[in-house]
Amino acid sequence: MVEMSVNLNGLAMKNPVTVASGTFAAGQEYADFVDVAKLGAVTTKGVSLNGWEGNAAPRIAEVPSGMLNSIGLQNPGVDHLKAHELPWLQGQGATTIVNVSGHSFQEYVDVINALEDAPVDAYEVNISCPNVDEGGMNMGCSCASVEQVVRGCRDVTKRPLIVKLTPNVTDITEIARAAESAGADALSLINTLLGMAIDAKSRRPLLSRVVGGLSGPAVKPVALRMVWQCAQAVSIPILGMGGIACGEDAVEFMLAGATAVAVGTANFSNPFATLDVVEGIRSFCEAEGVSDVNELIGGLLC
Amino acid sequence: MGLEDTSARVVANKHLFGPLYLMELDCPAVAANIMPGQFVHMALPDRDASVLRRPFSIFDRDEDTGHIEILYQTVGAGTQAMTGWQPGFETRMIGCIGRPWEVPFSTKRALLVGGGVGAAPLNLLCQQLVDEGVDVDVILGAQTEGALVCRKRYEEACGKEPRCSTDDGSFGREGFATVLVEEALDAAQAAGTPYDYAAVCGPEPLMRAASGLIMDAGVACQVSLERRMACGVGACLSCVVETVDGRKRACVDGPIFDAEVVVW
Ligand SMILES: Cc1cc2nc3c(=O)[nH]c(=O)nc-3n(C[C@H](O)[C@H](O)[C@H](O)COP(=O)(O)OP(=O)(O)OC[C@H]3O[C@@H](n4cnc5c(N)ncnc54)[C@H](O)[C@@H]3O)c2cc1C
Ligand SMILES: Cc1cc2nc3c(=O)[nH]c(=O)nc-3n(C[C@H](O)[C@H](O)[C@H](O)COP(=O)(O)O)c2cc1C
Ligand code: FES
């Protein structure tokens with residue numbers, strides 16, 4: 001028996017695995033494959049106050065060992081989430097992390113305020129989306145604005161507050177420290193890396209927005225490096241993600257310092273990816289004589 | 001019917017003409033459950049660099065043998081890799097996905113219009129309509145004679161020759177299929193037996209033009225839309241289609257849409 005539960009500074013998870021926001025909706029679409037109650041948590045698609053239209057198609061492009069997306073945080077708004085997805089997740093017995101987005105400092109606060117009476121176990125504040133013009137990544141790129149958003153959110157909730165960081169910065173540890181000092185309970189990283197793809201023959205970009213966020217195995221080395229650096233820089237726990245597709249990938253993130261992990265792009269090729277990662281971590285621990293997954297956290301030898 | 005991720009084994013994989021191939025797979029779950037217009041999201045197990053599956057319509061199925069057929073065209077690395085799949089090769093497919101063709105109740109006459117490999121998702125519909133006693137006319141367009149690979153199947157299914165057009169005039173009418181659509185609509189009208197329903201699948205300019213003509217003639221029309229898809233199950237919002245009711249997901253709100261709601 002391997003002890004699989006972890007605690008993300010107030011968010012108790014039955015195992016270290018959640019889904020990466022935006023790749024799993026709120027789980028209903030994957031219900032034929034995954035019992036959401038078996039996951040450490042479900043992280044919902046980014047939600048804004050009144051909903052956003054998102055960007056024009058084509059919104060994705062496959063690239064070697066990864067994909068670009070420019071969905072643009074399309075969502076129907078927080079009331080829809082409260083009326084439909086959150087009750088369903090509660091009924092399924094899921095642990096729920098709501099990914100919160102905004103075009104302004106105030107919008108993040110308003111979304112959290114709107115969710116305070118809803119069945120939510122933690123918030124993940126997305127200050128790292130590369131696919132919207134206002135808010136999103138811009139807010140996650142300077143220490144001052146990170147502090148302002150996080151402080152605003154902190155003031156209105158006692159629930160665990162996870163701050164999701166962008167890798168598109170010069171020094172992610174500065175941003176990590178800013179989020180910690182403003183009251184974040186945990187950090188999640190990485191969001192997608194800004195990239196682009198071109199069709200040489202037609203001389204056109206593959207995405208209608210031209211640029212988009214890179215995810216999948218291609219980003220894993222960058223993500224591991226950033227998780228490792230942030231783990232050195234802050235004392236709050238880290239939710240690591242970027243290219244995780246199997247149990248051993250997840251173990252690598254935990255060794256680098258992550259307390260929990262998220263599975264994103266891997267769901268697309270394997271709808272059972274999250275459950276496979278849970279089982280993969282368990283069997284790794286069994287094979288390696290690890291009795292508690294918490295022993296893996298930060299266990300990198302170097 | 002819920003979604004399943006089932007294994008599928010290649011039984012045959014034949015080159016037909018130019019970029020066109022026909023793959024037969026053993027996949028009883030899909031063979032039994034597929035409704036005309038639905039598709040499968042197929043893994044590319046031999047392509048490590050591909051993080052996404054590929055969506056394909058089902059061209060034909062045999063419930064008794066549990067076999068399905070996919071008619072495919074090589075476009076890029078994924079479909080190119082598929083051409084090398086030998087009998088016995090195992091892949092996986094999520095199915096059966098999406099909204100099927102919805103033929104209005106009491107349809108007596110139907111028109112099916114397929115451009116290029118877009119003829120694939122119309123074959124099962126053709127069979128279903130013929131079984132229901134509907135009088136079906138088929139129009140097929142392609143670049144050249146050799147690419148009209150479905151012609152014989154459609155002839156078998158509906159007992160009459162499809163009307164064909166080729167861009168180079170090597171078979172049937174020279175030019176685009178829209179000319180044949182216009183003629184068919186006029187002829188049906190003149191004979192006093194107008195179509196009750198039309199289904200169009202092919203390149204978007206053809207679908208747009210043909211569905212416009214069909215709707216102008218007062219005939220209910222549906223189209224099958226293609227978008228790049230990541231999840232294929234409705235979760236990721238990659239595959240949006242602009243409609244008069246806002247953005248819809250091609251994978252689960254489609255791929256079949258009423259032509260009148262599509263904003264081209
Ligand atoms: C519902 C549906 C049914 C389809 N049915 C058939 C069919 O029966 N026969 C057939 O030959 N083709 C069909 N297609 C198109 C087929 O999915 C693409 O040709 C195929 O994905 C191309 O993959 P690739 O790796 O060769 O091309 P690449 O261009 O290298 O693919 C890169 C990415 O773009 C996507 N992509 C490229 N072209 C298309 C396209 N036209 N539509 C959707 N995604 C695309 C790929 O899936 C992949 O994610 C269908 C598409 C959809 C959405
Ligand atoms: C299609 C898609 C949509 C995404 N939507 C969101 C989102 O709404 N909010 C967010 O914080 N991150 C979003 N992300 C980023 C992922 O949550 C994750 O940080 C990133 O994809 C890296 O993980 P992966 O390589 O496992 O996918 C999205 C990623 C993808 C591929
Ligand atoms: S492909 Fe993911 S929502 Fe359609």
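Each chain gets a letter, A, B and so on, in the order the sequences are listed, and its residues count up from 1.
Looking at A:Phe33, the atoms closer than 4.5 Å to chain B (heavy atoms on both sides) all sit in the side chain, from C-beta outward. Using a 4.5 Å cut-off between heavy atoms, B:Ile94 contacts chain A through its side chain alone, with no backbone atom that close. Contacts of A:Ala56 with chain B are made by both backbone and side-chain atoms, with heavy-atom separations under 4.5 Å. Residue A:Gln28: no heavy atom, backbone or side chain, is found under 4.5 Å from chain B. In this structure, no portion of A:Ala218 lies under 4.5 Å from any heavy atom of chain B.
Here the shortest heavy-atom pairing between B:Leu237 and A:Ile71 reads O-CD1, 3.5 Å. The two residues A:Pro217 and B:Val51 have their closest heavy-atom pair at CD-CG1, 3.7 Å. When all heavy atoms are compared, the tightest approach of A:Leu206 to B:Arg228 is O-NH1, 2.7 Å. For the pair B:Met229 and A:Ile60, the tightest heavy-atom approach, listed with the atom from each and the gap, is C-CD1, 3.6 Å. Considering every non-hydrogen atom in both B:Ala235 and A:Tyr30, the closest pair reads CB-CE1, 3.6 Å.
Within 6.0 Å of the CD atom in B:Glu90, the count of heavy atoms belonging to other residues, nucleotides or ligands exceeds 12. Within a 6.0 Å radius of CZ in B:Phe56, other residues, nucleotides and ligands contribute more than 12 heavy atoms. Atom CD of B:Gln143 has 12 or fewer heavy atoms from other residues, nucleotides or ligands within 6.0 Å. In the displayed structure, B:Arg208 atom CZ is contacted under 6.0 Å by at most 12 heavy atoms of other residues, nucleotides or ligands. The environment of A:Lys82 atom NZ is dense: over 12 non-hydrogen atoms of other residues, nucleotides or ligands sit within 6.0 angstrom.
Interface remark: of the candidates B:Cys236, B:Gly234, B:Ala230, B:Ala230 forms the most heavy-atom pairs closer than 4.5 Å to chain A. Options A:Lys45, A:Glu53, A:Met67 differ in how many heavy-atom pairs under 4.5 Å they form with chain B, and the most are formed by A:Glu53.
Considering only heavy atoms from C-beta on, B:Arg53 comes within 4.5 Å of A:Pro271 through its side chain.
Of the possible donor and acceptor atoms, none in the side chain of B:Arg247 sits under 3.5 Å from a partner among the backbone N and O of A:Gln74.
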### Task
Show the numbers, then the answer: is there a side chain to side chain contact (heavy atoms under 4.5 Å, CB included) between B:Arg249 and A:Glu29?
CA-CA 12 Å; B:Arg249 298 162 296 183; A:Glu29 287 78 3; 3.5 Å; yes
### Message
Walk me through whether A:Asp32 and B:Val233 qualify under side chain to side chain contact (heavy atoms under 4.5 Å, CB included).
### Response
CA-CA 10 Å; A:Asp32 290 328; B:Val233 301; over 6 Å; no
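Separating the SG atom in B:Cys231 from the CG atom in A:Asn267 is a distance of 9.5 Å, to the nearest 0.5 Å.
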